[in-house]
Asks: 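One structure is given below, represented as structure tokens, and several questions about it will come after.
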Amino acid sequence: MTNAVEDPSEFRERARTFVREHLETVVAADQVGILRNQRSDEEELAAVARDREIQRLLFDARLAGICVPEAYGGQGLSPAYQRILNEELTGHEFPERLQSPTFAPCLSVLLEFGSEEQKQRHIPAMLKGEEIWMQFLSEPSGGSDVAGALTTAVRDGDEWILNGSKVWTTGAWWSDWGLCLARTNWDVPKHRGLSVFMLPIDREGVEVHRIEMLNGSKEFCQEFLSDVRIPDSDRIGEVDDGWTVGTRWMFHERMGMNSPLTTIPHGTTHAGAGNLSMISIARDAGRIDDDRAVDLIGEAQTLSLANQALRRRLAEGIASGTMSDQSSAIGRLFAGRTAARSGTIGIDLAGAGGAAWTPDDGALVEVGLDFLMRQVTCIGGGTTEMAANVVSERVLGMPRELTMDRDVAFRDVPRSPSAS
Amino acid sequence: MTNAVEDPSEFRERARTFVREHLETVVAADQVGILRNQRSDEEELAAVARDREIQRLLFDARLAGICVPEAYGGQGLSPAYQRILNEELTGHEFPERLQSPTFAPCLSVLLEFGSEEQKQRHIPAMLKGEEIWMQFLSEPSGGSDVAGALTTAVRDGDEWILNGSKVWTTGAWWSDWGLCLARTNWDVPKHRGLSVFMLPIDREGVEVHRIEMLNGSKEFCQEFLSDVRIPDSDRIGEVDDGWTVGTRWMFHERMGMNSPLTTIPHGTTHAGAGNLSMISIARDAGRIDDDRAVDLIGEAQTLSLANQALRRRLAEGIASGTMSDQSSAIGRLFAGRTAARSGTIGIDLAGAGGAAWTPDDGALVEVGLDFLMRQVTCIGGGTTEMAANVVSERVLGMPRELTMDRDVAFRDVPRSPSAS
Amino acid sequence: MLLQLDADLEMFRDTTERFLGEFASVEEIRRLRDHDAGFDPDYWRRGAELGWVSLLVDEAHGGGSVSGNRLVDLSVLAHEFGRRAAPGPLITTNIVASALSAHDADPELLAQLLCGESVATWAHAEGATPGAFDDLTLDITLDGQSLVLNGQKRPVESARVASHFLVTGLAVGGPSQVLVPVDCPGVSVTPMEGVDLTRRFSVVTFDDVSVPVSSAVGELGGARAAIDRQLEYALIMANAEAVGAMQTGFDMTLEWALDRYSFGRPLASYQAIKHRFADMATWLETAHALSDEATAAAGAGSPDADELLSAAKAFIGDYGAELLQECVQFHGGIGLTFEHDLHLSLRRHTVDRALFGTPADHRRRLAEISIEREAAS
Amino acid sequence: MLLQLDADLEMFRDTTERFLGEFASVEEIRRLRDHDAGFDPDYWRRGAELGWVSLLVDEAHGGGSVSGNRLVDLSVLAHEFGRRAAPGPLITTNIVASALSAHDADPELLAQLLCGESVATWAHAEGATPGAFDDLTLDITLDGQSLVLNGQKRPVESARVASHFLVTGLAVGGPSQVLVPVDCPGVSVTPMEGVDLTRRFSVVTFDDVSVPVSSAVGELGGARAAIDRQLEYALIMANAEAVGAMQTGFDMTLEWALDRYSFGRPLASYQAIKHRFADMATWLETAHALSDEATAAAGAGSPDADELLSAAKAFIGDYGAELLQECVQFHGGIGLTFEHDLHLSLRRHTVDRALFGTPADHRRRLAEISIEREAAS
């Protein structure tokens with residue numbers, strides 16, 4: 001199918017019309033706080049349903065998968081069009097829960113490594129909002145070492161039998177599919193014994209357990225896989241070659257909301273409480289006239305602008321090839337550092353309100369809990385320590401860290417004393 | 001000699017009388033800035049002479065070497081007496097240049113490892129102000145790896161012939177003796193081929209070169225040793241066993257002004273500009289009424305009090321045996337961190353005065369240069385990185401860092417590409 | 001905490017530690033999250049029997065010091081509370097008990113506090129604004145033989161289970177303290193949410209609350225020194241608690257780093273992590289040192305006690321927070337879950353950091369003292 | 001600096017880089033430390049021939065942009081200056097030239113500035129106090145056909161070699177700019193000491209200095225916008241210079257860490273050092289990004305230009321200082337010696353950090369803009 005490419009201004013007009021007709025406006029103040037436990041399960045399920053609905057509307061309006069090939073239900077347009085859509089979405093609702101991880105990294109991985117049949121089967125379904133995907137990647141024992149997966153897949157004729165546990169999936173309880181990294185060979189070094197599978201979350205043997213975070217959020221899940229059987233046709237990439245997929249998977253994950261496959265209203269920040277709320281905190285704490293509070297507000301605003309500018313520079317550099325793909329770790333590292341700092345600025349502005357508050361305290365509410373959750377941005381999606389390794393070794397070319405698991409069969413790799 | 005020990009209050013009275021009779025008062029403002037180049041060479045030499053003179057007066061008044069055994073000219077008293085002397089010296093001149101490194105670590109090392117003849121020959125001379133000692137320890141190639149010394153001592157009958165270079169000696173151009181670490185064996189691992197020597201700085205073949213620091217200070221020197229001959233009787237400790245001496249030497253160096261062998265007026269800070277000058281900087285910069293400046297002053301004062309409290313806790317812990325000797329590295333690390341932070345607080349308070357000033361600008365003068373020199377406290381006397389290694393490995397028991405030089409003959413240790 | 005304790009104090013510490021180990025386990029603390037008061041009356045009564053409320057009370061009133069230095073005793077006790085994130089109105093009840101004892105007021109209530117039958121709380125802070133930890137605006141008007149209170153106090157700990165509030169405010173032109181029974185007409189208590197699982201706070205509003213003049217604790221208008229002294233106690237306890245929380249977080253995380261393997265090596269073998277532990281160790285030792293020096297200075301009535309208390313509060317608040325957040329970081333995601341124990345330390349530290357003046361408030365106080373002294377010299 | 005330059009701009013950059021490599025070598029900069037002006041007139045004349053003073057001048061006056069975006073040109077030029085810690089009154093002469101061109105003032109002087117025969121300087125800042133980078137107190141009184149100036153300016157760059165001062169002050173109730181020849185009676189120049197080896201500053205005092213009314217540059221009392229614009233130029237240049245200094249320090253130190261061995265391993269193989277380099281790399285990229293975004297926003301007349309310029313000034317000032325101090329730390333003692341090159345970058349960065357508003361001043365400006373906008377919304 002080779003259509004004449006739509007003119008950007010026509011596209012913008014079309015996007016604008018769609019947004020006006022179909023989408024509610026939202027206020028920025030909705031986006032404060034860190035993983036706050038603001039919705040009941042019923043509300044969350046309703047929000048998921050609304051996300052699916054919007055995604056379907058986008059799909060029907062030819063505004064889904066802007067940079068996804070037309071062959072798989074996308075629009076086959078350039079990232080510039082995605083930016084236009086993002087700009088037009090500013091201030092409006094959007095199908096937030098589908099962006100990450102469904103479109104990036106899952107759809108990206110599928111596009112890159114899936115068979116034609118797999119792509120046809122899943123990508124249009126994703127773009128229609130019918131399939132929400134999760135990453136079955138991290139494991140309780142694993143920490144930063146995702147390639148050290150202990151979840152095991154054993155071949156049984158045309159099927160694989162999976163056993164193990166995955167953790168830190170966001171909302172697996174209302175999702176459909178998992179992209180799953182599993183060990184298929186224990187007798188080779190760790191990177192050479194992995195394979196990647198697609199896994200329907202409702203399959204027999206998958207038990208989803210919701211994790212309670214310290215602030216009461218139950219967004220994350222842990223899955224226990226017990227003799228889960230899946231067909232070999234749901235394997236992505238070659239057997240034991242899962243790390244080839246995994247490396248790109250990791251890259252797409254680091255790209256996160258900077259991926260051209262994700263839709264995100266321009267100006268949305270995802271690095272914890274934004275600066276507007278810092279001003280509100282200072283005001284509601286009665287500190288807005290204090291020079292030091294003003295300094296902290298200025299610092300938060302500096303870091304927020306710095307994050308945005310850095311993100312744009314890295315995206316441009318990687319897109320133009322003047323920077324390596326690995327440079328995305330620079331953005332990840334900086335975003336973590338600044339989110340942590342912002343958490344401290346918030347509680348500093350809150351004063352005694354950081355310890356206790358009433359529901360009438362406006363912006364002071366739950367600032368203390370946000371502070372307790374401060375490190376989440378330095379941990380989730382690969383720790384800042386891993387990012388610092390990538391930056392120093394892959395971007396700056398400093399010597400690689402010594403690992404004890406490189407040239408040894410995975411079953412012989414040293415493990416925690418308490419893990420045995 | 002076993003005298004009845006003097007009563008503390010008598011001792012205090014005696015010290016007070018001495019101080020009143022012999023010593024000038026000094027104002028705290030004299031003690032600001034980092035390695036500032038405030039004196040001409042003539043003035044510096046006069047100050048050295050005055051230091052020697054005061055030391056002699058102390059010696060004659062039985063106030064030198066409070067914790068040094070009487071057999072070597074000291075007073076054989078407990079650290080409590082040293083504290084009393086320090087308190088009585090508050091606000092007065094004292095023989096600053098003899099404390100470090102002459103008394104700690106040099107005299108300490110001599111006390112611990114010197115032969116009876118060596119102690120008799122040098123310790124009384126030190127206590128009388130006749131011998132000022134330097135550490136010939138660091139080398140230009142060495143960085144933090146002092147045990148990687150390249151300066152070589154080759155035996156020639158009853159003598160040793162030294163060749164190499166030492167650096168970062170403070171005021172070697174007006175000093176008398178150097179305590180020198182040299183390699184006596186290249187065919188064994190590095191720690192097993194070192195020996196320690198005493199070296200008269202005016203010996204033939206020793207060339208002292210003064211290093212200019214970026215702020216114009218010429219306090220530090222580098223020495224070039226060319227076929228310097230010294231008798232074997234000036235060796236301290238066994239041949240090739242110099243690291244046994246070196247380990248304790250390093251400990252005494254880390255103790256620095258906390259050593260009971262040093263005399264330092266109570267309240268003297270050596271961690272860069274103190275808090276009083278922060279207030280002066282803020283005032284002279286017109287910022288004293290700014291909440292943020294007040295916050296910075298409070299921070300500087302917090303860090304200053306924190307440093308003092310930590311120093312006392314460590315001294316007590318090490319003295320009582322509840323902490324290991326290695327814990328002194330905790331104090332060293334923290335002092336470095338806080339000195340660096342203080343440098344930044346200083347220039348932040350100075351505002352535009354940090355870039356340029358006139359001689360009439362009071363406390364603003366040279367704050368900018370102090371900032372340029374900020375890291376000196378994190379580098380001199382062993383870097384903060386080395387201290388962090390000691391704390392994590394020796395105090396906390398975390399695994400040792402991999403080194404490539406442990407079980408290999410020193411001549412085969414990998415070296416910088418540019419060093420060959 | 002001090003490097004060495006004398007034998008009596010060590011026994012007191014050890015008894016408290018073992019008691020808390022049994023009755024304030026992490027499971028118990030998690031359970032108490034849904035408890036109205038945040039602690040069981042029986043737990044508190046048994047703790048009081050161990051001497052938890054007696055340290056600042058004169059012997060004549062049934063109290064007494066363990067080691068001879070009551071402030072050192074107090075800091076050792078608070079440190080144990082911090083290590084366990086223990087439940088119970090330790091700080092606030094001790095302050096009220098000290099005030100009653102110092103002013104020979106309400107011996108009946110004091111006796112009840114001492115044996116843990118009642119709880120009373122200090123209604124002092126007036127909000128989140130800078131300086132609010134020691135500024136007063138609550139109005140106390142002398143009206144014949146009555147005192148009439150108008151104003152608001154927040155946060156007030158354990159307000160919903162206390163029998164009395166010791167309220168600070170301004171009367172006859174100066175700082176004053178008044179003991180107010182919780183059931184006085186005009187008193188209203190609004191519960192707050194907060195970060196600690198067991199420590200409960202409220203907003204307490206006084207709307208024309210009338211009590212007899214005899215309810216004044218100490219001199220009307222002349223209570224500045226008493227209030228400052230009580231604030232000293234609060235700072236000593238908050239600092240020691242916070243250091244205890246730091247110690248527990250640090251110990252737990254060091255153990256984790258030594259045990260946890262990543263890429264076939266213990267976490268603790270990575271130099272980037274080792275160096276951060278080294279910094280954490282310096283913060284922890286410094287926190288102990290400052291807390292103990294400030295306690296000693298306050299105990300000795302030293303002129304630099306205020307400076308040291310503020311320096312300790314500022315340092316422990318800021319560096320302790322960084323330390324505990326580093327602990328979270330090294331644990332990874334599990335350190336942010338409710339089922340892990342680490343957040344109990346982080347919560348307790350966060351509360352102690354925010355109460356009785358934030359780090360910034362205390363840097364300001366410290367700076368103002370320094371500037372004043374420099375100007376005077 | 002931008003990731004990609006168009007061909008003309010790259011040629012301009014490359015020419016400047018090669019010229020500075022030859023005539024502003026580290027040896028030359030060390031030599032100039034004892035030079036009265038801090039730069040040789042001939043060096044400046046040849047630099048002017050390369051276009052160093054023409055970028056903000058209209059084509060009609062003999063100036064012109066290289067790439068079509070003069071502010072981008074300017075930032076590229078300043079970045080090269082920063083990389084080399086190059087001598088010469090770049091910032092201040094360009095600002096005066098821009099003002100003369102914008103207001104069609106003193107074409108003769110402008111021509112001399114353009115060809116590098118003369119140097120002029122902007123006498124704007126009024127001291128070290130907060131806000132002094134854009135507050136004005138210098139008094140300009142209209143007295144018949146004369147303007148009489150009273151006040152003090154500091155620091156003023158190159159005051160001792162400039163032929164004219166462009167002085168900002170208050171006249172007829174508003175911000176104004178006046179061109180004052182240096183030899184006017186009542187002008188006195190007191191040299192300052194400073195951290196940069198080649199950039200010289202002075203205190204300039206105006207004591208009843210009288211100049212003709214025609215010396216006003218732009219409208220008397222109505223120069224706020226012009227001054228703001230000039231401040232924008234200053235911030236763009238100071239930011240780009242500072243980032244250049246960061247880049248040089250970083251590159252030098254990475255090379256050192258890869259080459260230097262400690263304990264038989266390259267410094268660069270130690271994870272604690274690697275992780276700090278990773279942070280430095282994030283600061284460096286962010287500094288480039290902010291500097292370039294702010295320049296682009298100013299060039300496009302975007303409403304968020306002020307915010308971005310202030311964010312860039314604050315970020316580059318603080319994080320750049322930490323970056324360069326980390327570079328010193330990794331070098332060890334040698335990094336603090338005069339014979340090493342590292343301090344040239346550190347000095348230049350330190351000057352740029354302190355001038356035209358410190359990081360704290362710009363955080364304040366940024367916060368005030370945000371608070372105002374939030375209040376308006």
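Note on naming: letters A, B, ... go to the chains in the order of the sequence lines (proteins, then strands), and numbering restarts at 1 for each one.
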Asks: At a 4.5 Å cut-off on heavy atoms, which part of D:Phe201 comes close to chain B: side chain, backbone, both, or neither?
Replies: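 Side chain only.
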Asks: What part of D:Thr358 gets closer than 4.5 Å to chain B, counting heavy atoms only: side chain, backbone, both or neither?
Replies: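 When you check distances to chain B, only side chain atoms of D:Thr358 fall under 4.5 Å.
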Asks: Is it true that the NZ or CZ of B:Arg210 lies under 6.0 Å from the centre of B:Phe220's six-membered ring and within 45 degrees of the ring axis?
Replies: no
Asks: Let me know if D:Arg348 has heavy atoms under 4.5 Å from chain B in its side chain, its backbone, both or neither.
Replies: neither
Asks: I need the residue from D:Arg265, D:His340, D:His343 with the largest number of non-hydrogen atom pairs under 4.5 Å to chain B.
Replies: D:Arg265
Asks: Any idea which of B:Ala293, B:Ser141, B:Ser217 has the most non-hydrogen atom pairs under 4.5 angstrom with chain D?
Replies: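 That would be B:Ser141.
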Asks: Pick whichever of B:Asp348, B:Asp360, B:Val365 has the most heavy-atom pairs under 4.5 Å with chain D.
Replies: B:Asp348
Asks: Would you please say whether a donor-acceptor pair under 3.5 Å links the side chains of B:Thr384 and D:Gln329?
Replies: yes
Asks: Is the shortest side-chain N to carboxylate O distance from B:Asp145 to B:Lys190 below 4.0 Å?
Replies: yes
Asks: Salt bridge between B:Lys166 and B:Glu223, side-chain N to carboxylate O under 4.0 Å?
Replies: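 Salt bridge: no.
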Asks: Apply the side-chain contact (heavy atoms from CB on, under 4.5 Å) test between D:Leu344 and each candidate in D:Val26, D:Thr198, D:Thr248, D:Asp196; give the one that qualifies.
Replies: D:Val26
Asks: Measure distances from B:Trp168 to the heavy atoms of chain D and classify the residue's part below 4.5 Å as side chain, backbone, both or neither.
Replies: side chain
Asks: Considering only heavy atoms, which portion of D:Leu336 lies under 4.5 Å from any heavy atom of chain B: side chain, backbone, both, or neither?
Replies: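 For D:Leu336, the contact with chain B is made by backbone and side chain together.
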Asks: If you count heavy-atom pairs under 4.5 Å with chain D, which of B:Met373, B:Glu385, B:Glu366 comes out on top?
Replies: B:Glu385
Asks: Against the six-membered ring of B:Phe371, is D:Arg347 placed for a cation-pi contact (under 6.0 Å from the centre, within 45° of the normal)?
Replies: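 The answer is no, since D:Arg347 fails at least one limit relative to B:Phe371.
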Asks: Need one label for B:Ile211: side chain, backbone, both or neither, based on atoms under 4.5 Å from any heavy atom in chain D.
Replies: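 Contact with chain D is through the side chain of B:Ile211 alone.
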Asks: Given that the side chain runs from C-beta out, which part of B:Asn389 has a heavy atom under 4.5 Å from chain D: side chain, backbone, both or neither?
Replies: neither
Asks: For the residue pair D:Trp122 and D:Phe356, categorise the inter-ring angle as parallel (less than 30°), tilted (30 to 60°) or perpendicular (more than 60°).
Replies: parallel
Asks: Counting heavy-atom pairs under 4.5 Å with chain B, which one of D:Glu322, D:Arg260, D:Glu339 comes out on top?
Replies: D:Arg260
Asks: Does a side-chain N-to-carboxylate-O contact under 4.0 Å join B:Asp187 and B:Arg192?
Replies: no
Asks: Between D:Arg33 and D:Phe338, is NZ or CZ placed under 6.0 angstrom from the six-membered ring centre and within 45° of the ring axis?
Replies: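 Relative to the ring axis of D:Phe338, which defines the angle, D:Arg33 lies inside both limits.
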Asks: For the interface with chain D, which of B:Gly148, B:Gly368, B:Cys378, B:Gly216 has the highest count of heavy-atom pairs at distances below 4.5 Å?
Replies: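 Highest number of heavy-atom pairs under 4.5 Å: B:Cys378.
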Asks: Answer yes or no: are there more than 12 heavy-atom neighbours, outside B:Glu212 itself, under 6.0 Å from its atom CD?
Replies: yes
Asks: So what's closer than 4.5 Å to chain B heavy atoms on D:Val328: side chain, backbone, both or neither?
Replies: both
Asks: In terms of heavy-atom pairs under 4.5 Å, which option from B:Val408, B:Val413, B:Leu372 contacts chain D the most?
Replies: B:Leu372
